Amino acid sequence: MVSTKDVQTLVKSKLKGCKFIIVSNREPYIHMHTPDGVKVKTPTGGLTAALDPLMQATGGTWVAGGSGDADREHVDKRNRCPVPIDNPKYILKRVWMSKEEVDKFYFGFSNQTLWPLCHNVFREPSFKKSYWEGYKHSNGLYAKAVRDETRGADKAFIWFHDYHLALTPKMIRSEAPKKQKLVLAHFWHIPWPTWNTFALLPWAKEVLNGMLANDLIGFHLQIYCINFLASVEKVLGAKVDYRTLNVKYGGRTIQVRPFPISVDFGTIDKLAKRPGVRREIKRVRAPQYIPYKYIGVGVDRVDYTKGIIERFRAIDRFLEKYPEFQNKFVFVEAGAPSRTRVPAYMNLNEEIPKVADEINWKYMRGYWKPIIYIEGKLGPDRLFALYRTADVCIVSPLQDGMNLVAKEFIAANVDCTGTLILSKFAGATEELKEAIVVNPYDVEGFADAIKDALEITSKEKRRRMKSLRAIVKRNDVFKWLEDFICVATKLLS
Ligand code: F6P
C-alpha cells in the first residue's frame with residue numbers, strides 16, 4: 001500500500017525547481033459566515049481531501065472558484081489566501097465569478113451541456129450558445145489566474161481537474177513565453193461518451209482543441225480513453241494510436257491514460273472503528289430507532305445519473321415479488337442536494353421524497369415503512385455506522401465515471417458483514433468483481449438481486465467483502481496520485 005508520505009516525498013523530489021499548480025472549479029477551503037462568526041469549511045469530496053495533503057507537502061498554488069460568502073474578505077490583492085488557515089502550507093488563489101457568470105459557466109454549459117452529454121442517460125443536453133459563451137469566458141478567468149501565478153517561472157506543472165475547464169489548457173499554452181517549460185495535465189472525472197454522442201456538441205472541435213493542449217489526459221477507465229481517441233480522430237482528423245493511447249496533433253504527442261481514482265482506505269478504515277461510530281451503531285440497532293431485520297443503505301449526491309428513483313422502483317418490486325421481506329427490510333437513502341438551480345435537479349429533489357412516500361404508503365404497517373429518505377449529508381459517525389450496520393449497500397447509477405461511495409462502503413465495512421450491489425454502469429464495477437452487479441433499468445433483475453444479497457450466507461458475504469477490501473486497500477487514492485504524478489512528471493525532464 002502506498003502511503004501519503006510516499007506520495008508526498010515522490011512529488012517533492014520530482015517537482016524540484018518547478019512551479020506546481022492545481023486548477024479546479026471546487027476550492028479546498030471555503031470561508032462561510034455563520035451566526036458564530038466566519039468558519040472555514042472543507043468540502044467532503046474525495047478529490048479535495050486527496051489533493052490537499054499533496055499540496056501541503058509540495059507548497060504550490062491551487063487555483064479554484066471562490067464559492068463561500070466570506071471568501072472575498074479573506075484574500076489579498078492578488079486574490080490569494082494561505083491555507084490551511086492555522087498552519088499555511090500552500091496558496092489558494094480564488095477566481096471570482098458573478099452570479100450571471102456562474103449561471104452560464106457552472107449551472108449552464110458545465111452541468112446542462114457537458115454533464116448530460118458525457119453521461120448519456122437520456123437527458124437532452126442544452127446547446128444554448130449563451131452557455132457556451134459563458135463557459136469560454138469563465139475558462140478565460142481561470143487561465144488569467146494561472147498565468148498570474150506562473151509569470152517568471154522557468155518550469156511549471158499545471159494539473160487541471162474536471163469538465164469545467166476543457167478550454168483553459170489551450171488558453172495557457174498559447175500565451176506562455178517560449179522559454180517557459182510547461183507540462184499541462186488534465187484529469188477528467190466523468191465518463192467520455194462514444195464519438196458520435198460527443199460529436200453532437202456544436203463546439204466539439206473547440207473543446208477537443210482545448211484539451212489537446214495538455215501533455216497528459218487521464219480518465220478513470222480505458223474505455224473512456226478509447227472513446228476520447230475516437231472523438232479526436234473523427235472530429236479533428238488527428239492521428240491516434242489505439243495501442244499506445246497516444247495522439248499526435250499540432251506537432252505534439254499527447255498521452256491519454258486510464259487512472260482509476262479511489263478513496264483513502266486507511267483513513268476510512270480507522271474512522272469507521274472510532275468509539276463514536278460504535279455508539280451510533282448501537283443506536284441504529286435499537287428497535288425503537290429503525291424496526292428492521294435487514295437494512296439497506298444508499299448514499300448519493302442528488303443527481304439523475306445516480307439512479308435513485310430507479311432504485312426505489314426496484315425496492316418496490318422486490319417487496320411486491322417477495323412479500324416475506326415486508327415488515328423486515330428497511331432502506332435508508334441519504335441524498336445530498338446539489339446543483340439545485342438546474343431544473344432537472346430541482347425536479348429530482350421534489351420527486352425523490354414523493355416516490356419514497358408513495359412506496360411507503362403502499363406497504364406501511366404500524367411503525368414499519370420500507371424507505372427512510374434523509375435529505376442532506378450524513379456526519380461521518382452516522383455514515384460509517386450505517387455502512388457497518390447495512391446488510392446491503394446499493395450503488396446503482398445509470399452512468400458514473402467511477403463512484404466513490406462503492407469504495408467508501410467497502411473501506412468502512414470493517415466487520416465484513418455487508419454486501420455491495422453495484423450498477424454495471426459504474427466505472428467501479430471494472431475493479432469490484434465480487435459485488436452483485438445489476439442493470440438499474442431492469443426492475444425484475446434488480447429486485448431479484450436485492451433478494452440474493454439479503455440471502456447470501458455470512459461466510460460467503462465475508463469472503464466477498466474481504467476480497468473487495470483487499471482490492472480497495474491496494475488501489476487506494478494514493479496509488480492513483482502516485483501513478484498520475486509519475487507519468488506526468490516524466491514529461492518535465
Ligand atoms: O464527478 C464529477 C464531479 O465534478 C466531482 O469531481 C465532484 O466531486 C462532483 O462531481 C460534485 O460536483 P459539484 O462540484 O458540481 O458539486
Side-chain angles (χ1 to χ4, degrees), residues 22-30 32 41-52 62-68 71 94-95 97 101-121 123 131 134-135 138-139 142 159-166 168 185-193 217-221 224 259-264 299-308 334-346 348-349 376-377 395 397-408 423 425-428 477 480-481 484:
I22 284 182
V23 198
S24 69
N25 175 55
R26 275 268 163 255
E27 57 178 342
Y29 295 92
I30 310 169
M32 297 290 288
K41 276 199 343 184
T42 51
T44 34
L47 176 72
T48 43
L51 294 177
D52 179 63
W62 190 324
V63 176
S67 57
D71 273 359
R94 289 178 170 141
V95 173
M97 274 173 269
E101 285 169 334
V102 172
D103 269 344
K104 289 177 185 151
F105 161 67
Y106 175 75
F107 293 113
F109 197 78
S110 298
N111 287 315
Q112 291 186 71
T113 307
L114 286 179
W115 181 269
L117 187 76
C118 289
H119 282 88
N120 206 3
V121 292
R123 297 286 159 134
Y131 287 171
Y135 185 80
S138 294
N139 272 237
Y142 279 94
W159 191 5
F160 301 93
H161 286 271
D162 247 336
Y163 57 101
H164 312 90
L165 301 168
T168 314
H186 207 135
F187 192 79
W188 192 263
H189 290 258
I190 62 175
W192 192 274
I217 302 172
F219 293 97
H220 292 302
L221 306 182
Y224 306 153
F259 300 96
I261 202 169
S262 192
V263 292
D264 179 352
V299 177
D300 300 271
R301 194 167 50 71
V302 176
D303 193 304
Y304 51 83
T305 59
K306 303 292 179 189
I308 301 169
S338 90
R339 305 174 189 171
T340 45
R341 288 190 43 73
V342 175
Y345 290 72
M346 271 179 222
L348 194 61
N349 274 310
K377 208 166 204 144
V395 179
L398 307 181
Q399 195 70 245
D400 210 332
M402 174 54 65
N403 196 296
L404 292 180
V405 169
K407 294 187 176 183
E408 189 177 60
S423 157
F425 306 117
V477 71
W480 171 77
L481 267 175
F484 193 94

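Because the structure is predicted, anything quoted here is derived from the model rather than measured. Order of appearance sets the numbers: ligands from 1, and atoms from 1 within every ligand.
- Using a 4.0 Å cut-off between heavy atoms, N25 makes no contact with ligand 1 at all.
- Classified by interplanar angle (parallel below 30°, tilted 30° to 60°, perpendicular above 60°), the ring pair Y106/H164 is parallel.
- For Y345 and Y304, the ring centers sit closer than 6.0 Å to each other.
- Ring centroid separation for the pair Y163 and W115 comes in under the 6.0 Å cut-off.
- Taking the side-chain hydrogen bond (donor to acceptor under 3.5 Å, both in side chains) definition, one finds that T340 meets it with nothing, sequence neighbours left out.
- Here the straight-line distance linking atom CD of Q399 with atom CZ of F425 works out to 7.0 Å at 0.5 Å rounding.
- Taking distance alone, with nitrogen or oxygen atoms compared against 3.5 Å, S338 stays at or beyond that limit from ligand 1.
- The residue among D162, L404, I261 with a heavy atom at the shortest distance from atom 6 (O) of ligand 1 is D162.
- For ligand 1, the atoms closer than 4.0 angstrom to any heavy atom of R26 are 13 (P), 14 (O), 16 (O).
- In this comparison of N403, T305, I190, D303, the heavy atom closest to atom 2 (C) of ligand 1 sits on I190.
- Here's the thing with R339: one of its N/O atoms is less than 3.5 angstrom from an N/O atom of ligand 1.
- Y135 and F109 have tilted rings, their planes meeting at an angle from 30° to 60° on a 0 to 90° scale.
- The shortest N or O to N or O distance between Y106 and ligand 1 is under 3.5 Å.
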